Protein chains: 2
Amino acid sequence: MATIYQVSELAGVSLATVSRVMNNNARVSEATRNKVLAAMEQLGYRPNSIAQSLASNRSNSVGILVSELHGPFYGEMLSGIENECRAAGKHVIIAAGHSEEASEKDGIEFLISRSCDALILHVEAVSDDYLIKLASGNMPIVLINRFIPRLANNCISLDNELGGYLATKQLLQQGHTQLAYMAGPMWKSDAKDRYHGHLRAMAEHGLSFNPALLAEGDFQDSSGSACMQQLLAKGLPFSALVCANDEMAAGAMEVARAHGLNVPQDLSIVGFDNLILARYIYPKLTTIDYPIGEMGRMAARWVLKNIYQQQALQLKNVFEPVLVCRDSASAIAAG
Amino acid sequence: MATIYQVSELAGVSLATVSRVMNNNARVSEATRNKVLAAMEQLGYRPNSIAQSLASNRSNSVGILVSELHGPFYGEMLSGIENECRAAGKHVIIAAGHSEEASEKDGIEFLISRSCDALILHVEAVSDDYLIKLASGNMPIVLINRFIPRLANNCISLDNELGGYLATKQLLQQGHTQLAYMAGPMWKSDAKDRYHGHLRAMAEHGLSFNPALLAEGDFQDSSGSACMQQLLAKGLPFSALVCANDEMAAGAMEVARAHGLNVPQDLSIVGFDNLILARYIYPKLTTIDYPIGEMGRMAARWVLKNIYQQQALQLKNVFEPVLVCRDSASAIAAG
DNA sequence: TAGTATGATGTAAGCGCTTTCATTTATAGC
DNA sequence: GCTATAAATGAAAGCGCTTACATCATACTA
């Protein structure tokens, strides 16, 4: 690979001048600029971005930490971020945190040591305090899907409570009165918030929540199946089920079908996230849309605006989920 | 951030010695090593990997180019690669090529300029020649899901032809004789190979292929729906449909259902890829398993073995797909 | 006991770029 | 034509590391 030095020699100018035309951050005469560009062209010169980063202490790359690289949810998010960054000439470096504290911290350290200019984090296991401390350092961070009051400006989050509320309200409005709730792992704030939304809707309709109709899963479809088994085993009647995410809803639906229950005639089900699979399962899942791709894009914009000085961008910190009506929930049968 | 210099000062040794304990590639006395480790600990030292890369001309990171960041297929693949690399202390830098030649080349250039030690590429738009030329340079590359004879050693591929054959054969063995085929975009080699497998199975069973029962889609579910419409519109009878991938199968299934066809009673459908969605759609999709996660892992191992000298690893270049029987294909109804 | 491996550590020259500061050259004002 | 000012360029010092190579101490050999 040609280096800046060879370019400068060929063009008959100094290193500094070549650097100037690359970065166009200082005046260079038109004639010199052309000489340099020609030399670059001729040598097939490509700047070594590692060296640029070391020298400038800026890497033009933003670090992203997600829980997993697979799964529809993170894929959408990554894609949103990458698109936006790429369009602005910034690059992404990705690490996975696997929802484990040690691994998340390790990933963050890695991204920092990689000289990222900013970090976009989707972390779950790490504490608020840790993040607050991190944010007070000199690495800018933006948090996706997490809300920490003291870091409100750095958070791009969804109103999960509202989502839980909307999901439940839909069922209530369809006449259901006996609802079961399948929660996500309660140590995750989104799982908790969604559950609280559910409770609020119930209360608003004057219904008391029956703890026996609550099951706690882990957001995976297998746990949706397991929870459904549990719920059914209790023998308590319920005509509707609110699931804290789509995957558990899919697992639950399968078990329901195996038990001879028709969805939605015998049991209405509402999910949460509006993953791609919600359109594939049968019947198509009524769910709450989580605009994660859009939120990823917004996080990227946050970075572009705050770190790369693209002032014009409009930011939005909290997104509101909306209900997507499909076929898995219907009005309760007469009687 | 503390630098190696401060560590060396605190420990009372030279820069070189600190570097030696970090890399453990030279003997350092136990006493010195401990002093250095203690100093690192005390300062919370983390090596600056940019500087390491620049100095050593190795980055301990492998570049990955995928077509898209979202979608179940690439997610699995990325996840497989990341897991394997992470376990070996290597990191991944990801770029998306969007199946466009310019974009793929650009991504490759980016990864090269980032001083990756090797590249794992899932490219579709770029020519064989380009890749052969690239491989002859000094950046090691491994290709996933693509087979180029002259680069056979660098290819981790699936026997797509066999997959197409197996899918078709299953249907044939179930007694079907009138099969339709829904292909992927024929300019993609995997789409072509799968189709050829189909033809081979047909020929083997003495059946001639009816071109009117061929539809070419683009691997997306919407095109699966569109192709199914086309096929149905022709009014030609067929009792089974082989789809070049699961997503088109899902789209096709929906349209079939809308036309009052029961799957599999009226129409058997076989997909390809065994994406996660194959288990979610109803009826569950009979399909060909594409072990993409495993192949990603293998690509990572290729790099570990060939670039990072982990000799012990066992490599495998071509994977064989297997049939996964679920509920969307059944023996043809009597008569 | 001198002579020689051998192990442990230090010295210093880069890696390819950015950026400050100094210097040269062009432009304008009078 | 001569100075004051601005514009264009060059020189050189890093950025935080790695890695020959040199040096020094120690342990063996004969």
Side-chain angles (χ1 to χ4, degrees), chain A residues 1-37 39-40 43-61 91 109-110 112-117 138-139 308, chain B residues 1-37 39-40 43-61 91 109-110 112-117 138-139 308:
Chain A
M1 269 310 220
T3 74
I4 198 180
Y5 179 73
Q6 306 173 42
V7 173
S8 77
E9 252 191 337
L10 182 59
V13 298
S14 72
L15 296 186
T17 303
V18 177
S19 175
R20 286 187 187 105
V21 349
M22 283 177 25
N23 299 294
N24 54 125
N25 53 3
R27 340 194 43 131
V28 175
S29 75
E30 204 47 32
T32 320
R33 150 169 285 111
N34 289 335
K35 272 192 302 185
V36 171
L37 290 176
M40 285 179 170
L43 292 170
Y45 173 75
R46 277 236 132 203
N48 175 323
S49 56
I50 296 274
Q52 288 181 308
S53 301
L54 183 60
S56 68
N57 202 28
R58 247 183 305 96
S59 61
N60 273 320
S61 61
H91 297 291
E109 295 274 9
F110 163 62
I112 292 178
S113 75
R114 222 53 231 190
S115 303
C116 292
D117 298 330
N138 36 29
M139 174 63 77
Y308 298 118
Chain B
M1 267 308 222
T3 75
I4 198 178
Y5 179 72
Q6 304 173 43
V7 172
S8 77
E9 253 191 335
L10 182 58
V13 298
S14 73
L15 295 187
T17 302
V18 176
S19 175
R20 287 186 187 106
V21 349
M22 282 176 26
N23 297 294
N24 348 220
N25 52 3
R27 338 197 41 133
V28 175
S29 75
E30 205 46 35
T32 319
R33 153 169 282 111
N34 289 334
K35 270 194 302 186
V36 171
L37 291 176
M40 286 179 169
L43 293 171
Y45 172 76
R46 276 237 131 202
N48 176 323
S49 55
I50 296 274
Q52 289 180 310
S53 301
L54 183 61
S56 67
N57 201 28
R58 248 184 304 98
S59 61
N60 274 318
S61 60
H91 298 292
E109 295 274 9
F110 163 62
I112 291 177
S113 77
R114 223 49 234 194
S115 302
C116 292
D117 298 329
N138 38 28
M139 174 63 77
Y308 298 120

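This one's a predicted model, so the numbers in the text were calculated from it and none came from an experiment. We name chains A, B, ... by the order of the sequence lines, and we start the count at 1 in each one.
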Going 5' to 3' through nucleotides 17-22 of chain D, assign each nucleotide B (protein heavy atom under 4.0 Å from a base atom), S (under 4.0 Å only from sugar-phosphate atoms) or - (no protein heavy atom that close).
-> BSBB--

Without decimals, in angstroms, what is the distance between [X] [atom1] and [N] [atom2]?
X       : N      : atom1 : atom2 : result
A:Arg33 : D:dA8  : CZ    : P     : 10 Å
A:Glu30 : D:dA7  : CD    : C1'   : 14 Å
B:Ile50 : C:dT18 : CD1   : C1'   : 14 Å
B:Leu54 : C:dC17 : CG    : P     : 9 Å
A:Arg27 : C:dT19 : CZ    : P     : 18 Å
B:Glu9  : D:dG16 : CD    : C1'   : 15 Å

Apply salt bridge (charged side-chain N to carboxylate O under 4.0 Å, His left out) to A:Arg58 and list each qualifying residue two or more places apart in sequence or on a separate chain.
->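 Not a single residue meets the salt bridge (charged side-chain N to carboxylate O under 4.0 Å, His left out) criterion with A:Arg58.
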
Answer whether the closest heavy-atom distance between the side chains of A:Arg46 and B:Ile112 falls below 4.5 Å.
->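 Not touching, per the 4.5 Å side-chain cut-off.
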
Taking only residues two or more places apart in sequence or in another chain, which ones pass side-chain hydrogen bond (donor to acceptor under 3.5 Å, both in side chains) with B:Thr32?
->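 Result, side-chain hydrogen bond (donor to acceptor under 3.5 Å, both in side chains) vs B:Thr32: B:Ser29.
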
Pairing residues for B:Ser56 by the side-chain hydrogen bond (donor to acceptor under 3.5 Å, both in side chains) criterion, not counting sequence neighbours |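 For B:Ser56 there are no side-chain hydrogen bond (donor to acceptor under 3.5 Å, both in side chains) partners, ignoring immediate neighbours.
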
Listed partners of A:Asn57 passing side chain to side chain contact (heavy atoms under 4.5 Å, CB included), at least two apart =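 For A:Asn57, no residue satisfies side chain to side chain contact (heavy atoms under 4.5 Å, CB included) once neighbours in sequence are set aside.
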
Contacts of B:Ile50 that satisfy side chain to side chain contact (heavy atoms under 4.5 Å, CB included) - sequence neighbours left out =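 B:Ile50 satisfies side chain to side chain contact (heavy atoms under 4.5 Å, CB included) with A:Ile50, A:Ser53, A:Leu54, A:Ser115, B:Asn48, B:Arg114 only.
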
Hey, is the side chain of A:Ser29 poking within less than 4.0 Å of OP1 or OP2 on D:dT9, counting only N and O atoms?
->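 It does, given that an N or O in the side chain of A:Ser29 lies less than 4.0 Å from OP1 or OP2 of D:dT9.
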
Answer yes or no: does a side-chain N or O of A:Thr32 lie under 4.0 Å from OP1 or OP2 of D:dT9?
->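 True: A:Thr32 side-chain N/O within range (under 4.0 Å) of D:dT9 OP1/OP2.
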
When you look at A:Met40 and A:Val21, which way does the side chain to side chain contact (heavy atoms under 4.5 Å, CB included) test go after all the steps?
-> CA-CA 11 Å; A:Met40 285 179 170; A:Val21 349; 4.3 Å; yes

Among residues two or more places apart or on two chains, list those pairs meeting salt bridge (Lys or Arg N to Asp or Glu O under 4.0 Å) that have a residue in residues 16-27 of chain B.
->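 Output for this query is empty, none listed.
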
Overall bend - the helix from C:dT1-D:dA30 to C:dC30-D:dG1, comparing terminal axes fitted on five pairs, nearest 10 degrees =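 Nearest ten degrees gives 40° for this helix.
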
Identify each donor-acceptor pair in which a side-chain atom of residues 2-11 of chain A lies under 3.5 Å from a protein atom, sequence neighbours left out, and give them as a table.
residue : atom : partner : partner atom : Å
A:Thr3  : OG1  : A:Tyr5  : N            : 3.1
A:Ser8  : OG   : A:Tyr5  : O            : 2.7

